[in-house]
There are 2 protein chains.
Amino acid sequence: MIVNGTKRSTTRSPAGGRGANELCCPPLTDAPMSAQESDELASILTALADPVRLRLLSIVAAEGETCSCNLEGPLGKSQPTISHHTRLLAEAGLIRGERRGKWTWWTLVPERLALVRRQLGGA
Amino acid sequence: MIVNGTKRSTTRSPAGGRGANELCCPPLTDAPMSAQESDELASILTALADPVRLRLLSIVAAEGETCSCNLEGPLGKSQPTISHHTRLLAEAGLIRGERRGKWTWWTLVPERLALVRRQLGGA
DNA sequence: CCATTAGATTGATGATTGTCAATCTATATT
DNA sequence: AATATAGATTGACAATCATCAATCTAATGG
């Protein structure tokens, strides 16, 4: 079922040639990153580098599963703006959306956050 | 000694009211973030969310200590551009610069990266 | 079938950002 | 003092981004 960030052109997984929970690359503190590695990580970090999206993400994580209508209020943003942010987060593979009836239910993709932590020099 | 990112107007530490290695906040996956928390984290993530800066950071981490002149070549960017990026990373508290003679020596601030990892849902 | 509701899409606008040429500052060397 | 070198600063420009009003799509309820 097609929803939000899932309308990407290619058939690639969330974003970048790997599954969200695959190992990928060593921490950036271990060895100089390649241009490709840095491009991929930067694209995920760009999705995270916004106050509204960080709070959105934390709400989704806290609620376990949330529809967009539960986000507009707490975040104080318009419906199109929320839709925009959920789309960016989904394209980055950080959340997943599932359409059920009128609502889209968003859930966290914890492995994706774990990948970021690891590449950021995770222990 | 005044160098690069250190020219900020206030007397605050690296960026945000805390020292780089202080505890601050629980992971974003534990509870909804406040607007202030998300602003602070987003500002660090914004500094990280660029391919050139990620590679710059990984080179500094690998070398242990590097002058700007060792960055222009590997990163393929002009001198002002490198200076711009080191400044942003320093303002975010992710690297520290020390002027010695003609050179500025950059070092990683690992606690700052650790803080980001923890807030990103670190174990 | 019509009205309502959730949310995605489009288009426009103001703000931010990455980049570099040109310039400036400070240090080192002769 | 004159020259050279490392790097910071300024100014400009194109590209990207966050935001929202307006519109469109799809599903629900009468």
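Order of the sequence lines fixes the chain letters, A, B, ..., with proteins taken first and strands second; residue numbering starts at 1 for each chain. The shown structure was predicted, so the numbers you read here are calculated from the model rather than taken from an experiment. Worth knowing before you read on, the calculation uses all heavy atoms, side chains too, and leaves out hydrogens, waters and symmetry mates.
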Taking the side chain as every heavy atom from C-beta outward, state whether [X] and [Y] have any pair of such atoms under 4.5 Å apart.
X	Y	value
B:Leu41	A:Leu48	no
A:Leu45	B:Thr46	no
B:Trp106	B:Ser68	yes

Describe the nucleic acid contact of B:Thr81 in one word from base, sugar-phosphate, nothing, applying a heavy-atom distance below 4.0 Å.
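Base, at least one base atom sits under 4.0 Å.
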OP1 or OP2 of D:dT9 under 4.0 Å from side-chain N/O of B:Ser83:
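Answer no for this pair, as no side-chain N or O of B:Ser83 is under 4.0 Å from OP1 or OP2.
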Would one find a side-chain N or O of A:Arg87 under 4.0 angstrom from OP1 or OP2 of C:dT9?
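True: A:Arg87 side-chain N/O within range (under 4.0 Å) of C:dT9 OP1/OP2.
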[atom1] of [X] versus [atom2] of [N]: gap in Å, rounded?
X	N	atom1	atom2	result
A:Leu75	D:dC20	CG	C1'	15 Å
B:Leu89	D:dG7	CG	C1'	16 Å
B:Leu45	D:dC17	CG	C1'	16 Å
B:Ile82	C:dA21	CD1	P	13 Å
B:Lys102	D:dT3	NZ	C1'	11 Å
A:Lys77	C:dA8	NZ	C1'	19 Å
A:Arg100	C:dT5	CZ	C1'	18 Å
B:Leu88	D:dT9	CG	P	12 Å

Between A:Arg53 and A:Ala47, is there a donor-acceptor pair closer than 3.5 Å when you use the side chain of the first and the backbone of the second?
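Checking the backbone N and O of A:Ala47 against the side chain of A:Arg53, a donor-acceptor pair under 3.5 Å is found.
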Quick one: which of [options] gets closest to the side chain of [X]?
X	options	result
A:Trp103	D:dT9, D:dC20, C:dA6	C:dA6
A:His84	D:dA18, C:dC20, C:dA8	D:dA18
A:His85	C:dA21, D:dT19, D:dC20	D:dT19
A:Thr86	C:dA6, C:dC20, C:dA8	C:dA8

Which is it for B:Arg100 and B:Glu65 under the salt bridge (Lys or Arg N to Asp or Glu O under 4.0 Å) test, yes or no, and what are the steps along the way?
CA-CA 12 Å; B:Arg100 288 206 295 272; B:Glu65 193 173 52; 3.2 Å; yes
Provide the closest heavy-atom pair for A:Val52 versus A:Asp50 in the form atom of the first, atom of the second, distance.
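A:Val52 and A:Asp50 have their closest heavy atoms at N-OD2, 2.9 Å.
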Please work out which residues in residues 46-66 of chain A have a non-hydrogen atom less than 4.0 Å from an atom of DNA chain C and list them by number.
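When residues 46-66 of chain A is checked for heavy atoms under 4.0 Å from DNA chain C, there are no hits whatsoever.
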Report the distance from atom CD1 of B:Ile44 to atom CG of B:Leu89, rounding to the nearest 0.5 Å.
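The CG atom of B:Leu89 is 11.5 Å from CD1 of B:Ile44, to the nearest 0.5 Å.
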Kindly say whether, by distance alone, the side chain of A:Gln79 makes a donor-acceptor pair under 3.5 Å with the base of C:dA6?
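Between C:dA6 and A:Gln79, which were checked side chain against base, a qualifying N/O pair under 3.5 Å is absent.
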If each of B:Gly76 and A:Glu72 is mapped to the nucleotide of DNA chain C with the nearest heavy atom, which maps nearer the 5' terminus, i.e. the 5' end?
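Its nearest nucleotide lies further toward 5', so the answer is A:Glu72.
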